[in-house]
Amino acid sequence: MEQYLPSHRMRDIITDNTLLLPALSRFGIPLGFGDSPVADVCHTHNVDCQTFLAVANFISGKPSEAFTISTASLTNYLRQAHEYFLNYALPGIRRKLIEAISTGVPGDMSFLLLKFYDEYADEVRRHMEYENTHVFSYVDALLQGQRDPAFNIEQFRSNHHPIAEKLKEMKEIFICHFHADGARVDLLNSVLFDIITCERDITMHCNVEDSLFIPSVESLEQALEEKGRPLPDSPKLDNNGDIELTAREKDIVTAIARGLSNKEIADSLFISIHTVATHRRNICAKLNIHSASGMTIFAILHGLISMEEADRLLQNKN
């Protein structure tokens with residue numbers, strides 16, 4: 001299948017990619033759906049079909065941009081994924097690991113392997129509990145029309161990091177470096193398979209957060225901001241009677257006048273592209289100037305760049 005659609009049978013989608021089985025349970029979809037299409041299965045179990053298809057296509061490496069994501073549905077999906085990792089997958093691997101290294105492995109090595117794994121599991125727990133407590137609660141409030149001024153999803157994005165690296169390390173240790181005469185090879189292979197599967201699952205989980213969840217929350221933030229935005233006050237004026245810009249806004253205007261893209265501005269000022277875009281919107285609202293050429297004229301008139309620099313930049317561009 002090039003892309004999963006509402007009309008496709010759910011059983012065909014799962015056959016096409018069996019790695020979608022965990023996604024079913026995280027959306028609260030039980031097995032036993034027969035030949036029903038995706039749309040009917042989702043409707044029966046009160047699941048947002050568009051969100052399910054966005055996730056299913058994304059996980060399978062298929063186009064997912066056309067589907068409209070329900071932030072509430074996706075947040076619940078991520079919560080259920082955390083429940084699975086923390087209360088089932090990671091404890092299950094630990095039990096099998098203890099059994100696999102209980103024979104044929106020196107005591108010190110067994111202790112080190114288990115300590116390595118426990119430290120990783122603790123790291124994952126802290127990571128996911130932070131998201132449960134702070135990030136998802138923040139999103140729940142957004143969905144109720146309430147905005148926490150002390151937090152935004154950009155803060156989460158800037159601190160969000162992959163959490164599957166130690167599982168990759170453990171996989172490499174077992175495959176390339178581990179020797180234990182008399183150890184249960186079948187159990188070691190089984191726990192290694194579980195580690196590899198969990199590593200892939202957690203990696204994809206983080207990718208869903210980065211590529212689907214964060215943009216969805218950003219859209220929610222923007223919609224709430226626009227809905228609750230009051231009528232603009234008269235802009236503040238400086239001592240010369242000109243519209244007053246903050247120092248950062250002047251930096252942005254100067255960079256625009258110099259022909260920099262949003263990404264180049266972000267890199268030069270060590271801020272995010274999202275922050276640059278927010279500043280640009282605020283500047284346009286203050287000045288009622290929306291074009292780069294208009295910003296250039298403003299920058300020249302207010303001494304942010306010289307006419308000579310503007311001419312030189314124009315000549316280089318041409």
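Values reported hereafter were calculated over all heavy atoms of this structure, with side chains retained and with hydrogens, waters and symmetry mates removed.
A single hydrophobic cluster is seen to contain both Ile202 and Tyr88, as judged by linkage of ILVMFWY side chains at heavy-atom distances under 4.5 Å, directly or through other members. Following chains of ILVMFWY side-chain contacts shorter than 4.5 Å, one can reach Phe213 starting from Phe151, so the two form part of one hydrophobic cluster. Residue Leu260 is grouped with residue Ile271 when hydrophobic side chains (ILVMFWY) are merged at heavy-atom distances under 4.5 angstrom, including chains of intermediate members. Note on Tyr120 and Ile98: same hydrophobic cluster, where clusters join Ile, Leu, Val, Met, Phe, Trp and Tyr whose side-chain heavy atoms are under 4.5 Å apart, directly or indirectly. Put simply, Val41 and Leu19 are part of two different groups of oily side chains (I, L, V, M, F, W, Y) that touch within less than 4.5 Å, one to the next.
Taking the charged nitrogens against the carboxylate oxygens, Arg126 and Asp122 have no contact shorter than 4.0 Å, which rules out a salt bridge. Contact check on Asp201 versus Arg26 returns a salt bridge, with a Lys/Arg side-chain nitrogen under 4.0 Å from an Asp/Glu carboxylate oxygen. Look at Asp118 and Lys115 and you find no salt bridge, because none of the NZ, NE, NH1 or NH2 atoms lies under 4.0 Å from a carboxylate O. Residues Arg95 and Asp194 are not paired through a salt bridge, judged by the lack of any N-O separation under 4.0 Å between the basic side chain and the carboxylate.
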Could you walk me through whether Val208 and His205 pass side-chain contact (heavy atoms from CB on, under 4.5 Å), step by step? CA-CA 5 Å; Val208 168; His205 172 79; 5.8 Å; no
For the pair Lys96 and Glu99, evaluate salt bridge (Lys or Arg N to Asp or Glu O under 4.0 Å) and give the outcome as yes or no after the intermediate values. CA-CA 5 Å; Lys96 292 177 72 171; Glu99 186 177 2; over 6 Å; no
For the pair Phe156 and Glu131, evaluate side-chain contact (heavy atoms from CB on, under 4.5 Å) and give the outcome as yes or no after the intermediate values. CA-CA 9 Å; Phe156 171 63; Glu131 292 179 5; 3.6 Å; yes
Cys284 vs Ile289, test: side-chain contact (heavy atoms from CB on, under 4.5 Å). Steps then yes/no. CA-CA 5 Å; Cys284 290; Ile289 297 175; over 6 Å; no
Assess whether side-chain contact (heavy atoms from CB on, under 4.5 Å) is satisfied between Met295 and Ile283, documenting all intermediate values. CA-CA 9 Å; Met295 292 284 186; Ile283 293 167; 3.5 Å; yes
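Heavy-atom minimum distance, Lys62 versus Gln3: CD-CA, 4.0 Å. In plain terms, the two heavy atoms of Met170 and Leu113 that are nearest each other are CE-O, 3.6 Å. Taking each heavy atom of Ser36 and Asp40 in turn, the nearest pair found is CB-CB, 4.4 Å. Across Ser60 and Ala56, no two heavy atoms sit closer than the pair OG-O, 2.9 Å. Across Leu188 and Ala100, no two heavy atoms sit closer than the pair CD2-CB, 3.8 Å. In terms of heavy atoms, Ala66 sits closest to Gln50 at O-OE1, 4.2 Å.
Pairs of residues two or more places apart, or lying in two chains, that qualify as salt bridge (Lys or Arg N to Asp or Glu O under 4.0 Å) and include a residue from residues 153-162 are Glu154-Arg157, Arg157-Glu218.
Interatomic distance, Leu21 CG to Leu31 CG, rounded to the nearest 0.5 Å: 6.5 Å. In this structure, CD1 in Ile256 is found 11.0 Å from NE2 in His279, a value given to the nearest 0.5 Å. Rounded to the nearest 0.5 Å, atoms NE2 (His8) and CD1 (Ile14) are 13.5 Å apart. Atoms CZ and CG, on Phe58 and Leu212 in that order, are 5.0 Å from each other to the nearest 0.5 Å. Atom CE of Met128 and atom CG of Leu78 lie 9.5 Å apart (nearest 0.5 Å). To the nearest 0.5 Å, atoms CZ (Phe116) and CG (Leu167) are separated by 8.5 Å.
Side-chain contact between Ser73 and Phe27: present, with at least one pair of heavy atoms (C-beta onward) separated by less than 4.5 Å. Pro162 places none of its side-chain heavy atoms less than 4.5 Å from the side chain of Thr203. Residues Pro37 and Arg9 have side chains not in contact (no heavy-atom distance under 4.5 Å, counting atoms from C-beta outward). Between Leu269 and Arg248 there is a side-chain heavy-atom pair separated by less than 4.5 Å. When side chains are defined from C-beta on, Leu5 does not count as touching Leu53, because their heavy atoms never get closer than 4.5 Å. Contact check for Val253 versus Leu245: side-chain heavy atoms found under the 4.5 Å cut-off. Counting heavy atoms from C-beta outward, Leu301 and Ile297 have side chains that approach closer than 4.5 Å. Under the 4.5 Å side-chain criterion, counting only non-hydrogen atoms from C-beta, Ser219 is not in contact with Gln222.
Between the side chains of Asn17 and Tyr4, not a single donor N or O lies within less than 3.5 Å of an accepting N or O. Residues Thr275 and Thr278 bring no donor and acceptor atom of their side chains to less than 3.5 Å of each other. Looking only at atom types and distance, the side chain of Glu221 has a donor-acceptor partner in the side chain of Tyr138 under 3.5 Å away. Between the side chains of Asn132 and Arg79, no donor-acceptor pair of N or O atoms lies under 3.5 Å.
Ser268 contributes a side-chain N or O that, together with a main-chain N or O of Ile265, makes up a donor-acceptor pair within less than 3.5 Å. Here the side chain of Thr51 pairs a donor or acceptor atom with the backbone of Ser70 at under 3.5 angstrom. Side-chain atoms of Tyr77 do not come within 3.5 Å of backbone N or O of Val55 as any donor-acceptor pair. Of the possible polar contacts, none joining the Thr133 side chain to the Tyr130 backbone as a donor-acceptor pair under 3.5 Å is found. With hydrogens and angles ignored, the 3.5 Å screen pairs a side-chain donor or acceptor of Thr15 with a backbone N or O of Arg11. Remark: the backbone N or O of Ala39 is not paired with any side-chain donor or acceptor of His43 at under 3.5 angstrom.
A 6.0 Å sphere centred on CZ of Phe193 holds no more than 12 heavy atoms belonging to other residues, nucleotides or ligands.
In this structure, His45 has no ring-ring contact (aromatic ring centres under 6.0 Å, His included) partners at least two apart in sequence or on a different chain.
Taking the six-membered ring where tryptophan is involved, the planes of His127 and His160 are tilted, since the angle between them lies from 30° to 60°.
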